[in-house]
Amino acid sequence: MTVIAGRYRLLDVLAEGATGTVWRALDETNGHEVALKESRVPPGLPADEVPLLHARRERGARAVARVSHPSVVRVLDVVSEDGRPWVVTEPVRGLTLAETLEAGGPLPAREAARVGAEVLAGLRAAREAGVPHRGVEPGDVLLGNDGRIVVTGFGGAPEAGADAGPTAELRFLGALLEAAADDRSGPLGTVIDALLGEAPEGPVTADRAERELRRVADGGARTPAGGAGAVGDGSRKDGGRSRADGDGSREGGGAPRTGAGPAGASVPRRSAREDGTGGAPPARKDRAPRRVPVLVAGVVGALLIAGALIYHAVRDEGPGAGPGAPGGVTSTVPAGSGATGAEGVPATPRS
């Protein structure tokens, strides 16, 4: 077995793409399994540009190592062997989104929205760290068996002017969701249109898009309209592309994911992001005024009191009332001056 940099023993191939081969490897210093990506030179690249390509990819890998986010693949080490960079990442057991779609078809809308929200969160974290993605596609997204969504495929550090900007990044995400979702006629379709820049309200911000995706993933059915960056109405239903060209970390195993993943994986599906950009709460329903129940209760209470008074009046004034009458009811009138006599009539004082 080949050992890279005197430390990482190659075991077997996990995936191959245009930019390299991903190996399952054993770190012989601690006995842990890792994913190891071998850099591949594109056919036809001039020999004098090969070192520049390797250097750019090494810089990019070291930049990704600075990103700390659950939705971005964790780079553990970058080593060199025969003048080529080898990127060591955490192993993520699961399938790529491309493999999942090929094996089981599109995802339910809520699960697709969950994937989109976690991918966008990872892209935002990487961009803030100065590592913009060159265009996320289904082959760059790992669906972990534990519910985690991980973005790979950051590739090399972008050359000057190569970064198309956050708007293009959102459009790549919109195309990815077009390929991933089985139903784009509802709220998810409006978000996809906004990501693609096809919503009537105009472009959507990354923050707003992530909130809307989390709303859909959590079952929210209403999307506020209006305002800058609002998500409009519409639906999309087209195909998409896929590739197996990530920067490593993928370790095969597990069945394709076709249903909704566990909540809070999130992100690991967090239901809401820890940094406060979680999904907005669902709209509150109008509440009925409380005055009507109060009035009804008052009327019922008044009727009960009136009925009790009438009952006592009839009982005390009716024939045969009093403690001595057959079937009579014991009076509650206190004894004393003016109290009733034995026959139920007022007692007359002696002169």
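What you are looking at is a predicted structure, and each value in this text was computed from that prediction instead of being measured.
Remark: the backbone N or O of Gly17 is paired with a side-chain donor or acceptor of Arg40 at under 3.5 angstrom. No side-chain donor-acceptor contact under 3.5 Å links Asp82 to the backbone of Arg84. Side chain of Arg184 to backbone of Ala181: a donor-acceptor contact under 3.5 angstrom is found. Put simply, the side chain of Glu90 gets close to the backbone of Arg74: a donor and an acceptor are under 3.5 Å apart. Glu128 places no side-chain N or O within donor-acceptor distance of the main-chain N or O of Ala125, the cut-off being under 3.5 Å. Glu81 places a side-chain N or O within 3.5 Å of a backbone atom of Ala5 that can act as its donor or acceptor partner. Between the side chain of Asp193 and the main chain of Thr190, no donor-acceptor pair closer than 3.5 Å is present.
Between Ile4 and Leu10, some side-chain heavy-atom pair lies under the 4.5 Å cut-off. At a threshold of 4.5 Å between non-hydrogen side-chain atoms, the residues Asp77 and Arg7 count as touching. A 4.5 Å side-chain heavy-atom check between Tyr8 and Val34 finds at least one atom pair inside the cut-off. Taking the side chain as every heavy atom from C-beta outward, Leu177 and Val119 never approach each other to under 4.5 Å. Counting heavy atoms from C-beta outward, Leu11 and Trp23 have side chains that stay 4.5 Å or more apart. Annotation: side chain of Leu53 is in contact with side chain of Leu45 (closest heavy-atom distance under 4.5 Å). Side-chain atoms of Leu142 and Leu95, non-hydrogen and from C-beta on, never get closer than 4.5 Å to each other. Counting heavy atoms from C-beta on, the side chains of Val75 and Arg66 never come closer than 4.5 Å.
Of all the heavy atoms in Glu58 and Pro85, the pair that sits closest is CB-CB, 4.1 Å. Residues Gly116 and Leu213 approach most closely at C-CD1, 3.7 Å, considering heavy atoms. Between Ala126 and Phe154, the shortest heavy-atom contact is CB-CE2, 3.4 Å. Shown here for Glu210 and Ala121, the closest heavy-atom pair between the two residues is OE2-CB, 3.7 Å. Shown here for Leu120 and Ala209, the closest heavy-atom pair between the two residues is CD2-CB, 3.9 Å. Taking all atoms of both residues into account, the shortest heavy-atom contact from Val72 to Val150 is C-CG1, 4.0 Å.
A side-chain N or O of Ser39 and one of Arg57 form a donor-acceptor pair less than 3.5 Å apart. A donor-acceptor contact under 3.5 angstrom links the side chains of Thr29 and Asp27, judged on distance only.
One distance of note links CG of Leu107 with CG of Leu101; it measures 5.5 Å at 0.5 Å rounding. Note that CD of Glu212 is 13.0 Å distant from CD1 of Ile192, once rounded to the nearest 0.5 Å. In this structure, CD on Glu16 lies 9.0 Å from CD on Glu38, to the nearest 0.5 angstrom. For the atom pair CG of Leu196 and CG of Leu173, the computed distance is 9.0 Å after rounding to the nearest 0.5 Å. How far CG of Leu14 is from CZ of Arg93: 10.0 Å, rounded to the nearest 0.5 Å. Rounding to the nearest 0.5 Å gives a distance of 13.0 Å between CZ of Phe172 and CG of Leu195.
Tracing side-chain contacts under 4.5 Å through hydrophobic residues (I, L, V, M, F, W, Y), one reaches Val13 starting from Leu36; they form part of the same cluster.
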Practice item. Verify side chain to side chain donor-acceptor pair (under 3.5 Å) between Asp183 and Ser185, making sure each step is shown before the conclusion. Key: CA-CA 6 Å; Asp183 181 9; Ser185 61; 2.6 Å; yes
Review point. Could you go step by step and tell me if Thr96 and Leu143 meet the side chain to side chain contact (heavy atoms under 4.5 Å, CB included) rule?
Key: CA-CA 6 Å; Thr96 67; Leu143 308 184; over 6 Å; no
Exercise for review: Could you walk me through whether Thr89 and Leu76 pass side chain to side chain contact (heavy atoms under 4.5 Å, CB included), step by step?
Suggested key: CA-CA 5 Å; Thr89 67; Leu76 306 176; 5.6 Å; no
Review point. Val73 and Val151: side chain to side chain contact (heavy atoms under 4.5 Å, CB included), yes or no, with the steps?
Key: CA-CA 6 Å; Val73 63; Val151 182; over 6 Å; no
Practice item. May I have the step-by-step check of side chain to side chain contact (heavy atoms under 4.5 Å, CB included) for Arg171 and Glu198, ending in yes or no? Key: CA-CA 10 Å; Arg171 289 183 177 176; Glu198 299 176 0; over 6 Å; no
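In this structure, Asp218 does not pair ionically with Arg214, as no charged nitrogen and carboxylate oxygen lie closer than 4.0 Å. Using a 4.0 Å cut-off between charged nitrogen and carboxylate oxygen, Glu169 and Arg124 do not count as a salt-bridge pair. Taking a cutoff of 4.0 Å between a charged side-chain nitrogen and a carboxylate oxygen, Glu28 and Arg9 qualify as a salt bridge.
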